[in-house]
Amino acid sequence: MEESKQSPAIPTVYQPQDVEQKWYKFWLEHGYFSHKINPEGEPFCIVMPPPNVTGQLHMGHALDNTLQDVLTRWRRMQGRRTLWLPGTDHAGIATQAKVEEALAKEGISKYDIGREAFLEKTWEWKHRYHDRIVEQMHMMGSSCDWELERFTLDEGCSRAVREAFVELYNKGLIYRGSYIVNWCSHCQTTISDIEVEHTERDGHLWHLRYPYTDGSGYVVVATTRPETLLGDTAVAVHPEDERYTDKIGKTVLLPVMNREIPIIADEYVDREFGTGAVKITPAHDPNDFEIGLRHKLEQIAVIGKDGKMNENAGKYAGMDMLECRAKLVEEFRELGLLEDITDLSHSVGECYRCHTVVEPLVSPQWFVKMEPLAEPAIKAVLDGETRFVPSRFTKTYTNWLENIRDWCISRQLWWGHRIPVWYCQDCGEVICQVEDPTVCPKCGGSHLEQDPDVLDTWFSSGLWPFSTLGWPDDTELLKTFYPTNVLVTGYDIIFFWVARMMFSAMEQMKQNPFSDVFIHGLVRDAQGRKMSKSLGNGIDPLEIIDQYGADSLRFTLVTGISPGNDMRFQQERLEGARNFMNKLWNATRFALMNLQDYQADAYPLELTLADKWLLTRLARVSADADANLEKYELGEALRAIYDFAWDEFCDWYVELAKLRLYKGTPEQKHTAQTVLATVLRGILELLHPFAPFITEELWQQLPHEGDSIMLVKYPNGQGATLYEAEEKQMQTVMDLIRAIRNMRAEMNVPTGKKAPVIISAGEELLSQMQEAESYIKMLAAAESIEFVSPDSPVPDKAAKAHVRGVDAYLPLAGLIDLDKEIARIEKEIANTENELKRLAGKLSNQGFLAKAPADVVEKERAKEGEYQTKLASLREHLELFK
RNA sequence: GGGCGUAUAGCUCAGCGGGAGAGCGCUUGACUCACAUUCAAGAGGUCACUGGUUCGAAACCAGUUACGCCCACCA
C-alpha cells in the first residue's frame, strides 16, 4: 500500500492467491468472527449444518457455506450481534463404513481389533478429516465463530443426547420392541424408513399353487419373492372377493414346508392385483407384518441378518437368498405347482449408502414414537413461527410429518452415541439414565450391561440448534441466540434433518429452533447431472479456489441462482466472475493512481451532474441490494451491485471523472476524487458479503475509516440525498451518447476519428445537454458540438437520431452513405410507429383510462408525446433525402 | 397412486401484473494513458401449448404436452 504508491507498477491482473489467506488470518487474529462483536446489536444466529467427517467438502457444501457466510457478513455489517456457529457431524454409519473400508485394505476387520481399538481408529479418522474440512472453510472465507465450534460427538452434545433420550424414555416416547425394521445385510445394521431408497426394477411375478388341505384343488398366490414363502403363515384374500368367500377359514398346505396355514380375510388385499390371493410372510414384509398382528399369525423368520436362508428354511438353510429363489421355483415346477411366471416392474428398497437390497425383518430395536412429536412440529410451521423460503417446501415438510411412522433409532454400529440404557444381569431391570449407573436400583446388583447399540446419527443432529448453544444448561449463548434466525440447507435434507430438528426442538425447548429455513437446490455438473463419486463428475472446490480464487467461486455460486432451484456449475461462469474481480482490481488501481495527492476536506465539494447521478444510483442500488438480501434473493442483490459497478461506475463514471482528474481545477479534481473514492468504497462494501477477500484488500488501500470492511455499516441508501432531476438528465445524456455512437458505427466512422455533432432541442433540454457538453465530447468522440434550437435550419447531409426530445446530427458530408442512412431511419420510423400504435390503442381504451393507476396513464401519455416528437423529427429528416 | 418443480435469445439462467433482460457464444470495429480477464456498436426471442381472469398477462388461474424431482405398504 505504501509501496504501491511509490511504484505504480501494481499488476494489472488480480492474483487472489496472493491476498486471500492473508486477510483470513487478519480477521481471525482480530477476532472479527466472534459473536462478541456488536455486543449492543440485536442478535442474529445461524447454526451451520455440520458437514460429515467422512471426507472433504464438495460443491454442495461450498454453496451452503457461501450462502450462510453472505447472510452472516451482511447481518454483521448491519450491526447485528452475529453468531455463525460451526461444527461437524460424526455421521455414524458413513464414517464407520469408511474406516472399515480403510481397515479392510490392510486385511483387518473391525472384529479383529475390537470395539475400543476400532473407535480409536475412527477418532483418528475424524481428526484428520475434521482438520481438512476446517481448512477448506478457511479457504472459502467462512466467517464463523471458531471458538464455539462443536462436534456431534463432543462432550456437550453427548450429554444433550442423553438428556433428550432419557426424557423421551421417561415420557414413554422412546420404547423398545420387536417390530419389522429395514435391515441392511451389508452394513449389518438397521436403517430408518427414509434411509431406504426405492428404485423401480424389472422383476417377475411368480404364480404359485398352494393346495387346499381338504383336497379340493388349490389357491394360486402371486409373489415377487418366492423364497419368503418358506416363512408363510397364512394366505390372505379380500373379505368381499366372491371368488374366495367360501374359502375363507379353510387351510392350505404350504408346499415344500408342508405346513398347514389358514386362508384369512383382510381388507388390505387388492382384488385386482395378481390372483387376489396373497401369501403372508409376517417376518419379512411390512404389510404382512401388520396383517400378522391383526390376525395373530406366527412370525417365522427364514432369512438371517447375513442375507442367507436360516435354520427355519429347512433344506434351503444356509443358501443365498437368490439361489434359494431359483431352486425353490424349480422345485415348484417339478411338483406341478408353478402356475405361471409373468414380468413385473416393481420398486425395490435399497440401502441409501451401499445400495444393497434392504431386507425387512423382525428384530428388537429402539423406536421414537412419532405422532405426539410430529404434531407441534407441524403446528409451528403452519402457525408461521418457522417459515420455509421458498414457501413451497412447507407442503413437503408437513406431508411427511403427517404420514410419519415411528422412527427406529438403534443402530448396530460402534461409532456413535451409545444408547443410555443398561440391563441388570441379575434381575433383568432396564435402567435408562443420564449418568452411567454402577448398581441396579432394583436389586442392588452390579452386573450391569449397557445396550450395545448406538443411536441414529440424526438423533444427535436433531438437537443441534440448541445442543450447540449449551443445552441442557441454561447458558448465556442459549438465552441470547435461541431460537436461531435462519437455517440454510438443501431440500434433499428436509426430512432427514430439518423435520427432526423441528420436532426435537418443540419437544425439548418448547420453541421452534429457527425462524426461517432457507432452502437451496443441488449443485449439478455442466450437463445437469448430479455430482457423484461414481460418475466422477464432482468438482473439488479447492481446485476452483486454487485456479480462480474463493471470491470468484462464491460469486459463481450466488449469481443466477433462485431459492430452492438446482444450479449447473459451469467453468465459463467462473471466468466471468474472475473478470469481474479483475475489473474491481483495476478500477481500484485507477482510483489509487488518481488519489495520490488526495486530501479529505481540502476543498468544499462542487458536485457535478455526473456526481449527483452516480451518488443517487449508489443509494438506489444499495437500497435494492439490502432489500433483496432481506428477502433471501441473494442472486438478485448481487446482480444489481454487479451491474452498477461494471456499467455505471466503470464504464460511465470513471470515464467522465477523467475529465476533472486529468484536467480539472484543484477544486474540481478534489470533488471527483471524493466521489470516486466514496462510491468505489460503497461498491466494495456492498460486495463484501459476497466477495470478502478482494473487497477487504481493496478497501484497505482506499481512504477509509475503521479497521476492516467487515465491520463498517452495510450501505442501504437510507439518508442519502436523491438527485432525481440529475438522474433523469443524465439518463438522457447517456442515451444521447449511445445514439451518437450508434450513428458513428453505422456510418463506419473509425473509432479514433473525432467528428462534429449538432444537437438540437427545446430551451430547457438544450441547456441540460449543454451542461453535459464535455461528457458528450469525450464519450461520443465529438470533435465539436453545436447546440441549436429546433427551428434552426437543418444541417445538410447528416445522419440523425432522436432521443427523449433531443435531436442529434452527425454532419458527414462526403462520408455519409445515403442508402444506409435512409434504411436506418426507415427502420427507426417503423419501430416508433409500432410503439405509437400500441400506445394509441392503450390510450383510447376507456377501460385503461378508467381503471389503470393515474401514474401509469400519465407515463403512457408522456411516452406517446415523446414518440410523436421523435416520429415527426425522423420523418422530416427522411424527407430531406428524398 | 399422490405431491412438487422446470419450460424466456444458439447455451446457462434471471425477471413473475404495465415499454422482453444478463452472462457466455456470435458479427463488426478498436492494443483509447485502470483493465484486451478490456472498450464500443450490433444481430438474435409469436417468453412450451390451449382456454380464462384483467383496462392490461411472459408473469395470475385452469387445463394440455415435454422433461425432471420427491413421497407411497401395487403381493
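Just so it is clear: chains get the letters A, B, ... in the order the sequence lines come, proteins before strands, and each one is counted from 1.
For Glu572(A), the side-chain atoms get nearest to C24(B) when compared with the rest of C24(B), G15(B), A43(B). Nearest nucleotide to the Phe495(A) side chain, out of C71(B), C39(B), U37(B): C71(B). Closest to the side chain of Val13(A), from the set U37(B), A72(B), A34(B), is U37(B).
Comparing the C1' positions of U8(B) and G23(B) gives an interatomic distance of 15 Å, to the nearest angstrom. Taking atom C1' on both A9(B) and G3(B), the two are 33 Å apart, rounded to the nearest angstrom. Only the P atoms considered, G21(B) is 15 Å distant from A41(B), to the nearest whole Å.
Nucleotide C73(B) has no partner under the Watson-Crick or G-U criteria, as no pair reaches both atom distances under 3.5 Å. G42(B) and C26(B) make up a base pair, with Watson-Crick or G-U wobble contacts both under 3.5 Å. Applying the Watson-Crick and G-U wobble criteria (two distances, each under 3.5 Å), C60(B) pairs with G52(B). Pair check for U32(B) finds none; no Watson-Crick or G-U wobble contact set falls under 3.5 Å. Pairing for A7(B) is with U65(B), a Watson-Crick or G-U wobble pair whose two hydrogen-bonding atom distances lie under 3.5 Å.
A donor-acceptor contact closer than 3.5 angstrom links the side chains of Gln701(A) and Glu697(A). For the residue pair Asp406(A) / Tyr179(A), no side-chain donor-acceptor distance below 3.5 Å is found, with atom types taken as modelled. Residues Gln570(A) and Arg568(A) have side chains that never bring a donor and an acceptor to within less than 3.5 angstrom of each other.
Distances shorter than 4.0 Å separate some side-chain N or O of Arg568(A) from OP1 or OP2 on U12(B). Between A34(B) and Lys658(A), a contact under 4.0 Å exists linking OP1 or OP2 to a side-chain N or O. Listed pair Tyr397(A) / C4(B) fails the phosphate criterion, with no side-chain N or O lying under 4.0 Å from OP1 or OP2. Close to A14(B), at under 4.0 Å from its OP1 or OP2, lies a side-chain N or O of Ser562(A). In this structure, Trp646(A) does not reach the G23(B) phosphate: none of its side-chain N or O atoms is under 4.0 Å from OP1 or OP2. Here Lys395(A) reaches the OP1 or OP2 of C4(B): one of its side-chain N or O atoms lies under 4.0 Å away. At C39(B), one or more side-chain N or O atoms of Lys583(A) fall inside 4.0 Å of OP1 or OP2 (strictly under the cut-off).
Residues Leu680(A) and Phe590(A) form no side-chain contact, since every pair of their non-hydrogen atoms from C-beta on lies 4.5 Å or further apart.
More than 12 heavy atoms of other residues, nucleotides or ligands lie within 6.0 Å of CD in Glu783(A), so this atom counts as buried by the packing criterion.
In this entry the distance linking CZ of Arg573(A) with P of U12(B) reads 12 Å, nearest Å. Rounded to an integer number of Å, the gap from CG of Leu522(A) to C1' of C70(B) is 12 Å. Straight-line distance from the CG atom of Leu779(A) to the P atom of A30(B): 20 Å, rounded to whole Å.
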